[in-house]
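Note sheet for the following structure.
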Protein chains: 2
Amino acid sequence: MATIRDVASEAGVSVATVSRVLNGKGYVNENTRKAVEAAIRKLAYKPNEVARSLYHHQSKLIGLVIPDITNPFFPEIARGVEDFFQEEGYHVMIGNSDESREKEVNYIEAFSQHNVMGIISTSSDDISQWAGLDIPVVLLDRIQDDFPSVCADQEAGGKLAAQILLERGSRNITLMRGPHHLRTAQERFLAALTELGRSSARFQVLNTAFSYHHALETAKQLFDCYPDTDGIIAANDMVAAAVLREALARGKKIPDGLQIIGFDDIPISQLVYPALSTIHQPAYEMGMEAAKLLLECMHQQTNLKKKIKLSIAFKDRETTRKEGG
Amino acid sequence: MATIRDVASEAGVSVATVSRVLNGKGYVNENTRKAVEAAIRKLAYKPNEVARSLYHHQSKLIGLVIPDITNPFFPEIARGVEDFFQEEGYHVMIGNSDESREKEVNYIEAFSQHNVMGIISTSSDDISQWAGLDIPVVLLDRIQDDFPSVCADQEAGGKLAAQILLERGSRNITLMRGPHHLRTAQERFLAALTELGRSSARFQVLNTAFSYHHALETAKQLFDCYPDTDGIIAANDMVAAAVLREALARGKKIPDGLQIIGFDDIPISQLVYPALSTIHQPAYEMGMEAAKLLLECMHQQTNLKKKIKLSIAFKDRETTRKEGG
DNA sequence: TTGAAAGCGTTACCAC
DNA sequence: GTGGTAACGCTTTCAA
């Protein structure tokens, strides 16, 4: 790899001059600039980011920590973040935390050691680890007083899901509740629960994890315990898909005998049959917004504690009855 | 952030000594070691990876380029790579190439500028860009004479898919062909085609892209053009799921009237109903193996051109008839 | 308009 | 055993 010194001697100038043309700052004569640029091209020189980073204590790197890239909700987010920062000349390092505090801390350290310019985290609820850091942090999918954040309106989503099922005629609803420690899952659950509580419909609650292995189990359990259920509010689309599968396997009529509503609107929800009605979270946009917000924080030194709440929307597909029908 | 100099003065020794205890090499008295370790703890000192990297021309970073993290096949691979390297104390930078040479080159440059120790690429077939690089590269899902590589046995997969459908009674098969420029897609297609050609069954070929938007379109087209098809070899599971959806929507009996076989065995193939019969590619393991191979290459200076071919397996689920049935 | 040199945080060589 | 110091590749201040 050619270094700045190689370029300097090739062009017959000092490294300082090369640096100036590289960064477009400081005076440099038009002709020497030409010479330097020629040398750069000739040697196919690329500045060493590591050296730059060492000097500036900054790099063109962004850290992103998510629970698990294998969960289809997060790649969308990651793409949003990446697509935004790509435009700005940054690169994104992704870390999977598996909801483990240890892994998350490990990534944060790695990020910090590599001088990332900012971090987006969509993982743990434990905020203590962010406190010491002097790097801007944006929280995605969770909120904390001291940090800027982006999230989707879980409460509106949970409420809407319940309303839809009720409006469209379910009278015996099973509400599935995601992992208790995930604030988002808890929020949408609570909002749906409240809505259900306000109605005269019968309902019951069933706990579930988010992994598809687990979801398949829970689905079986659901129909064993509550064979008469005629409406299911799934904790997310993975779970909804599993439930749908099990329902079809047991010969349920959907949506006439049983309505199912998911949450997230991950790509597969359009691929199953019948296509999943679901509460859409704008995952890609959330990633984009978080990235945009982070960039703002990076530019202004001040920790602007802006909170962005994106709205959700109901996707009326095939596992719910038609409105007024 | 505390630096090595802070630690040195805190412990009353020189930076050289601190460096020695940090790296566990060279002599250092037991007591001074204790003192230094105490100082490190007290200041919560973490060595600056960037400075290390600058000196060594190496970092604990690995570059991974994939076509699109949003395609469910790749997160599995990425996890394999990441889980392996995590154990070894490395961190993985992921880049989405979107099958664009420009983006891929851009990432390679970024990786190289950050002194990554090695690169795994599962993207473009254009190998020229790797040639100049003095960083070990492992190719995933493609092979090239000059590079070590890991891939699954596409030919065996394509052949197997065709055999299964034939054995289990399909006589009018639609073979879906993925993007022509993707070697893997082409290989499995060709192998299936050959197998079909050897049989007496009728068959036709239909082109498709891999995205789910596109797949849904193609699925419609398929049944419009070939309503009598009784067996479909999909280009991958996304496409298979889309086809399955459309088939069900049109009231086809599966698997009795129509068999469908996918490729990849992504998580959703077990979530749809009926569950997709498919050719399993060991994505996670492929990531792991590629990582392991890369680590070997990094340790031995020599470019070992080892090629690893992982075997595929048929997952006998619900969109194919039972054997001998 | 240009160059010399200090400094970013580490490591490793060479004295002591 | 330990410390001084050059070097890694780059940026920036200061003098010329």
Check your understanding: Which nucleotide in the set C/dT2, D/dC10, D/dT12 lies at the smallest distance from any side-chain heavy atom of A/Val28?
Key -> C/dT2

Study note, to complete from the structure: Angle separating the five-pair end axes of the helix from C/dT1-D/dA16 to C/dC16-D/dG1, nearest 10°, is 50°

Review point. Would B/Asp264 and B/Gln281 count as having a side-chain donor-acceptor pair, cut-off 3.5 Å?
Key: yes

Point to revise | Any B/His56 side-chain N or O less than 4.0 Å from OP1/OP2 of D/dA7 | key: no

Exercise for review: Mind calculating the distance between CD (B/Glu30) and P (D/dT2) to the nearest angstrom?
Suggested key: 10 Å

Review point. How far does OG of A/Ser121 sit from CG of A/Leu139, to the nearest 0.5 angstrom?
Key: 6.0 Å

Check your understanding: Starting at CG of B/Leu54 and ending at C1' of D/dA7, how long is that distance when rounded to a whole Å?
Key -> 9 Å

Review point. Heavy-atom count around B/Glu102 CD within 6.0 Å, excluding the residue itself: above 12?
Key: no

Check your understanding: Can you check the A/Gln58 CD to C/dG9 P distance for me, whole Å?
Key -> 13 Å

Review point. Taking only N and O in the side chain of A/Ser14, is any of them less than 4.0 Å away from OP1 or OP2 of C/dG3?
Key: yes

Could you go over nucleotides 14-16 of chain C and give all protein N or O partners under 3.5 Å, atom names and distances?
none

Practice item. Calculate the interatomic distance between A/Ile4 atom CD1 and D/dT12 atom C1'; express it in whole Å. Key: 11 Å

**Study point:** Flag if over 12 foreign heavy atoms under 6.0 Å of CD, B/Glu87
**Key:** no

Point to revise | Ring center gap for A/Tyr107 and B/His91 short of 6.0 angstrom | key: yes

Exercise for review: Decide whether A/Gln154 and A/Gln186 meet the rule of one side-chain donor and one side-chain acceptor closer than 3.5 Å.
Suggested key: no

Point to revise | Atom pair OH/CE of A/Tyr45 and A/Met1 - distance to nearest 0.5 Å | key: 10.0 Å

Check your understanding: Out of D/dT11, C/dA12, D/dT2, which nucleotide sits closest to the side chain of B/Asn29?
Key -> D/dT2

Check your understanding: Roughly how many Å is it from NZ in B/Lys34 to C1' in D/dG1, rounded to a whole number?
Key -> 16 Å

Point to revise | A/Glu10 bridged to A/Lys42 by N-O distance under 4.0 Å | key: yes

Point to revise | Selected nucleotide, minimal atom distance to A/Arg52 side chain, candidates C/dT10, C/dT11, D/dC10 | key: D/dC10

Practice item. Grab the CD-C1' distance between B/Glu49 and C/dT11 for me, whole Å please. Key: 13 Å

Study note, to complete from the structure: Looking only at C/dG7, D/dG3, C/dG9, the nucleotide nearest the A/Tyr55 side chain is C/dG7

Exercise for review: May I ask you to say what A/Val13 touches in the nucleic acid, namely base, sugar-phosphate or nothing, with a heavy-atom cut-off under 4.0 Å?
Suggested key: sugar-phosphate

Revision key, fill the gap. Considering only heavy side-chain atoms of A/Val15, the closest of C/dT10, D/dC8, C/dA5 is C/dA5

Check your understanding: What is the nucleic acid contact for A/Ser19, judged by heavy atoms within less than 4.0 Å: base, sugar-phosphate only, or nothing?
Key -> base

Practice item. Look at all strands and tell whether A/Thr32 reaches a base, only sugar-phosphate, or nothing, counting heavy atoms closer than 4.0 Å. Key: sugar-phosphate

Practice item. Let me know the distance between OH of A/Tyr27 and C1' of D/dT13, rounded to the nearest Å. Key: 15 Å

Review point. Is the shortest side-chain N/O distance from B/Asn23 to OP1 or OP2 of C/dT11 below 4.0 Å?
Key: yes

Check your understanding: Salt bridge or not for A/Asp68 and B/Arg79, using N-O below 4.0 Å?
Key -> yes

Check your understanding: Does OP1 or OP2 of D/dT2 have a side-chain N or O of B/Thr17 closer than 4.0 Å?
Key -> no

Point to revise | Over 12 non-hydrogen atoms of neighbours within 6.0 angstrom of NZ in B/Lys46 | key: no

